Amino acid sequence: MATNPTDSNATEVPTDPAGEISFAETALTLGGKSAEEAQRTGAIDKADDEVEALFSPQYQTVNSPAHRAVWDRELPMELFHCEPPETPPHVQKVMDDSLAVVRRHCQAGTVLDDQNKISVTVLDDLAAAGYWGLLVDKQHGGSGAPFGSFAPFLTQMAMLDPTIAGLASVHGCIGAVDPVRTFGNAQQKQQFLPCLASGERLSAFALTEPCAGSDLTALRTTTKLEGDHYVVNGEKLFITNVVPGRTVGLVCLIDERPAVLVVDLPEAENDHFQLVQYGLYALKHTHNCGMVFKDFQVPASNLLTPPKGDGLTIAYHGLNLGRVALCANAAGTMRTMMAGMLPWAHYRKTYGATIANRELVQRRLGRMAGLITGCDALVQWCAGLIDQGYRGEMECIVAKVFGSEAQKEAAVELLMKTHGGRSFLHGHTLGDNVHEFLAPCIYEGEGEMLSMGFFKSLVKQHGKQFFEPIGMAVQKTGIKKPSPLNPLHAWALKDALWPYLKWMTSQKIRSISTPDVSSLPSAQKIHAEFACDQLQRMPLEISGTMSKHQLKLVDRQCRMSELSQRVQDLIVILATALYAGRHDDELVRAAGDVLCQDLTRGLMGRRPSDRDFRTAVELGKAIAEGGFASIAGIEAEEILMPYDEA
Ligand SMILES: Cc1cc2nc3c(=O)[nH]c(=O)nc-3n(C[C@H](O)[C@H](O)[C@H](O)COP(=O)(O)OP(=O)(O)OC[C@H]3O[C@@H](n4cnc5c(N)ncnc54)[C@H](O)[C@@H]3O)c2cc1C
């Protein structure tokens, strides 16, 4: 079961005793330039500190695998692989029944209603199977699935219908289930969870506003306590799974601080609550609307009150789960793309041979298998960390960014190019779903913004430990342009500089340790050793960048993003090599090898070798010749999307 972070061992995160804007608050925030921005993004930073404080120290970001991989003297290899949990039989039954419901509706052509949305009958049949209660504990009417079982199950569901898989995450991860389960008091859990578990009420998460998407400090929806009710005024935008009668985790401001109200929407629009409809290409099979609240009343008892932090604390918690779920969904969606490539590749002949026999097409299949295996590896790893109790913020960002970018590449570079002009026919998987395939790069946090968030988490502690004392000493001495080469400056700042110099020296003379990965097959061993070696070389480069740009680092977004992406790629290599290396199936091992080779080449700026081409092409050939089930777990025919041929 995903852990409730309201742990008694939680520690206070120390605040800056001088009350000044610290290096961590200024230089490491995501906005930039003006003092106003620094202050506003400092508020986000504070919310982030408060989320940290909910977790006991060993599960906080500085002790998370991604952070330790860069900053620890020895890379904690054992933290980069989690074995999948045993799925309890009652949870397995819910999952099997849910898949059977969707399979039945897919075969009967009854998944969608006459508005082209997932039909109420499907939602109700899934409710009867227990689908909506998977992440609700047994005590409140759900089945209490471990997240490590739930996430890969979404991959299976996405192979049948990615929107239905997505709705499980909207409801259970980012919607009302996770906020109430994790932060609700006993009475709130009793009030909301049984209806959410049974599917009597489905839920959504309402954070985005017309003026506040990436910039969460720009929220404007307010709520005020009047008697025993909160009165809400404001507007939300892009909210998935919203129709009248749903339950919404609504982020709004109380006295200018973000808060989350659990809101049961009325059964119909009225003077106080209205939906804003617009045409939206992405997520077209579910409802996505804006909402306008005018003096809308919510019982005061519906306010969630986390032990520390505020509404953003609650939002961040659910988003972490949602990001892993998104990667799991991508892993299923890419399998359907691959399934669709196979019959076409065998059917289409050019210059006298089927394109399935051509290297370029085989390489695409090999690459697709690599992307799928990378997603599987990240899902199993991240979900395992969450079940263990880690906050997992950095790791979940890696999964989200990789999963969404992989799906985008798979759609455009692999699926589209293989199907050629037919990709654009009505009824074709790509033509009909191109927006579905691209939108995950944006929702639940646009990838590059998240990558900067990853970088911020990576350097925050290092900045606090070494640069903040130096900054404060510089301020105290009044030196205008400090230079360590100036003996007077060096002497005046020696107390603050000394720990940093000591750290630098120890880094420069340290020998890079080679982890024991002798149990891995040779290809995976090479990849794991490469990732470890490179990750251990990152501290000096990252610290040097911080030292070079100092407070201006906040405006060097391109550099932050580039460094962040490199660390993320190395983490993907490591997690994939450990996952694939433990896999029995040789095609999965080859797929992991292909992905790691591709990422390594990108990192080292190398041209592909003949071996690189051979591995990808042979893997693609094996998939085309019947190896699909190794990658997907089922035969291609079982999930093929029908399309009208020209
Ligand atoms: C299909 C779909 C479903 C969604 N579902 C939900 C939902 O259920 N609930 C919900 O609350 N929201 C939802 N959203 C909203 C989604 O989370 C936001 O669209 C997303 O967070 C980005 O916000 P924005 O669109 O306002 O982009 P903006 O904030 O306008 O940013 C646009 C782009 O500008 C760049 N940018 C912005 N700020 C900076 C900066 N400081 N530095 C550098 N670059 C910057 C980034 O590249 C960013 O992507 C959904 C969106 C879509 C498309």
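For the single chain, residues carry numbers from 1 onward in sequence order. First listed ligand is number 1; within each ligand, the first listed atom is number 1. Heavy atoms only: backbone and side chains are in, while hydrogens, waters and symmetry mates are out. Fair warning: this is a prediction, and the values are worked out from it, not measured in the lab.
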Query raised in the report: At a 4.0 Å threshold, what atoms of ligand 1 neighbour a non-hydrogen atom of Asn288?
Result: 3 (C), 4 (C), 5 (N)
**Report entry** Non-neighbouring partners of Glu269 that pass salt bridge (charged side-chain N to carboxylate O under 4.0 Å, His left out), sequence neighbours left out
**Finding:** none
Requested in this report: Please name the residue in the list Thr221, Asp295, Thr222, Thr223 that meets the side chain to side chain donor-acceptor pair (under 3.5 Å) test with Asn233.
Outcome: Asp295
Query - Nitrogen or oxygen of Phe238 less than 3.5 angstrom from that of ligand 1 - result: yes
Report summary line: In ligand 1, the atoms that come under 4.0 Å of a heavy atom of Glu444 are 17 (O)
Requested in this report: Examine Phe205 against ligand 1 and note whether any of their N/O atoms are separated by less than 3.5 Å.
Outcome: yes
Query raised in the report: Applying a 4.0 Å heavy-atom criterion (strictly less than), which segment of Leu207 is in contact with ligand 1: side chain, backbone, both, or neither?
Result: both
Query raised in the report: With distance as the sole test, does Thr110 use its side chain to make a donor-acceptor pair with the main-chain N or O of Cys106 at under 3.5 Å?
Result: no
Query raised in the report: Out of Gly447, Ser561, Gly213, Pro440, whose heavy atom sits nearest atom 24 (P) of ligand 1?
Result: Gly213
Requested in this report: Kindly say whether Pro179 contributes a backbone atom to a donor-acceptor pair with the side chain of Thr182 at under 3.5 angstrom?
Outcome: no
Query raised in the report: Do any N/O atoms on Gln557 end up under 3.5 angstrom from N/O atoms on ligand 1?
Result: yes
Query - Polar atom proximity, Ser214 to ligand 1 (N or O, under 3.5 Å) - result: yes
Report task. Check for a donor-acceptor pair, side chain of Arg391 on one end and backbone N or O of Phe55 on the other, with a separation under 3.5 Å. Result -> no
Report task. Considering the heavy atoms of Thr208, write down every atom of ligand 1 situated less than 4.0 Å from one of them. Result -> 10 (C), 11 (O), 12 (N), 13 (C), 14 (N), 15 (C), 16 (C), 17 (O)
**Report entry** Numbered atoms and elements of ligand 1 in range of Ile442, under 4.0 angstrom, heavy atoms
**Finding:** 19 (O), 20 (C)
Requested in this report: Just jot down the ring pair (Phe, Tyr, Trp, His ring centres under 6.0 Å) partners of Phe273, sequence neighbours excluded, or say none.
Outcome: Phe293
Query raised in the report: Looking only at atom types and distance, does a side-chain atom of Trp132 sit under 3.5 Å from a main-chain N or O of Leu123, one as donor and one as acceptor?
Result: yes
Query raised in the report: So is Ala212 polar-close to ligand 1, meaning N/O to N/O under 3.5 Å?
Result: no
Query raised in the report: Which bit of Met449 gets closer than 4.0 Å to ligand 1, counting heavy atoms only: side chain, backbone, both or neither?
Result: side chain
Query raised in the report: Between the main-chain N or O of Ser543 and the side-chain N or O of Ser547, is there a donor-acceptor pair closer than 3.5 Å?
Result: no
